[in-house]
Amino acid sequence: MLGAIFAILSAASFALNNAAARRAVVTGTPTQGMALTVPIGVLCFLLVAALTGELTRLPEFPASAIAWMTAVGLLHFLFGRYCNYRANQYAGANLTGPVIQLQVLVTLALAVVVLDEPCTALQVMGGMVMLAGSFITQSQQLSAPTAAPRADAHAPAPKFVPRHAEGYLFALLAAFAYGTTPIMVRTALRHAGPSSAILGGVISYGAATAAIVLMLLFWTPLRRNVMALRRDNIPWFLYSGVFVAMAQGFLYSAVAVAPIMFVMPLMQLALVFRIIFAMWLNPEHEVFGWKVIAGSAISILGACTVSIDTDIILHALGVEGAPAQLLRWQIQ
């Protein structure tokens, strides 16, 4: 029960992060968001590390793990988050959410290739279902109240018109980054114990923050961009930074007390929370419609098929005999 609570809180926090970030990049820039949210992550993880006593173990942390977690920080918190913000800015969180959720497929593919973990035919089918869900979401057009009829020249213009190509491109790049880093984290921390995730977060966030500081020092256009931050965007970026740090903390806690195969399906609820929070916080800056809802639901179904153990699914559905053997066939 505790693992389920942590997983659901993590999914909700990730969705709140996306809603806050979406609101911020309506008039702000992804670069401004990076300059605020990444340092917040360092402070949050440093506080947790100090309270749990993990900070004293930093000198014992293996050099190879430090190198891996540094790379995680640059890929996940720098490149991945920038692409996520840019995707939200171009197309909104509702349209890009199922595309970014394809990170599950990236992780699965890399787990098979890099970690030599098995992948069943049912999991491959789940990946195809996820792709179908993302395509359905992408086909959503502006809703009737938002789109202006062509016959009426005086009708109000849409308040938000998504730029699909740019949004989906950056969403795919974010999915690649977010899907790759779990393999890197597992490689770094597999022999260090669950509590090492706290120090890993300090190192990865610290590396990303150091990179941002260096870029601000030596790249004048970037510094001007950040200095042009509007005051009304600051709270939304701060909320985003706090929510994403909370989400990662809840996720680490969930994995610490419950099996990953139990936690990951619950994490897919982030797509549901994302739509709910978008309707609450960003009704004028998102695309809504039945295809968004259907595509998100289908993506959740596919993600659960990928992340839940195949034997558990087949047993629950009562599938036996030749069909079960076919669905258990492994790609190695």
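Numbering starts at 1 and runs along the sequence shown.
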- [ ] Could you check Phe77, Phe237, Tyr82 and say which one makes a side-chain contact (heavy atoms from CB on, under 4.5 Å) with Met34?
- [x] Tyr82
Open item on the list: Quick check on side-chain contact (heavy atoms from CB on, under 4.5 Å): which of Leu75, Asn84, Val106 does Tyr178 satisfy it with?
Closed with: Asn84
Are any non-hydrogen side-chain atoms of [X] and [Y] less than 4.5 angstrom apart?
X      : Y      : result
Phe79  : Leu74  : no
Val244 : Phe14  : yes
Leu78  : Ile212 : yes
Leu173 : Phe170 : yes
Tyr85  : Ser240 : yes
Met246 : Leu9   : no

For [X] versus [Y], what's the shortest heavy-atom pair and its separation?
X      : Y      : answer
Leu314 : Arg328 : CD1-CG, 3.7 Å
Gln89  : Pro30  : OE1-CD, 3.6 Å
Gly206 : Val42  : N-CG2, 3.7 Å
Ile40  : Leu36  : CG1-O, 3.2 Å
Gly201 : Ser204 : O-OG, 3.2 Å
Thr96  : Ala91  : CG2-CB, 3.7 Å

Cluster check [X], [Y]: I/L/V/M/F/W/Y, side chain < 4.5 angstrom:
X      : Y      : value
Val25  : Trp236 : yes
Ile203 : Val213 : no
Leu326 : Val124 : no
Leu58  : Val72  : yes
Tyr168 : Ile100 : no

- [ ] Please state whether the rings of Phe277 and Phe273 are parallel, tilted or perpendicular, taking 30° and 60° as the class boundaries.
- [x] parallel
Approximate separation, where rounding is to 0.5 Å, of [X] [atom1] and [Y] [atom2]:
X      : Y      : atom1 : atom2 : value
Ile198 : Arg57  : CD1   : CZ    : 9.0 Å
Thr310 : Leu122 : OG1   : CG    : 4.5 Å
Arg274 : Arg22  : CZ    : CZ    : 12.5 Å
Leu229 : Thr29  : CG    : OG1   : 7.5 Å
Leu217 : Met215 : CG    : CE    : 10.5 Å
Leu43  : Thr209 : CG    : OG1   : 8.0 Å

Task: Stepwise side chain to side chain contact (heavy atoms under 4.5 Å, CB included) test for Thr181 and Gln103 - done: CA-CA 10 Å; Thr181 50; Gln103 62 184 281; over 6 Å; no
- [ ] Might you confirm whether atom CH2 of Trp68 has over 12 heavy atoms from other residues, nucleotides or ligands at distances under 6.0 Å?
- [x] no
Task: Between Thr31 and Asn225, a side-chain donor and acceptor under 3.5 Å - done: no
Open item on the list: Using a 3.5 Å distance criterion without hydrogens, assess whether the side chain of Ser10 forms a donor-acceptor pair with backbone atoms of Ala247.
Closed with: yes
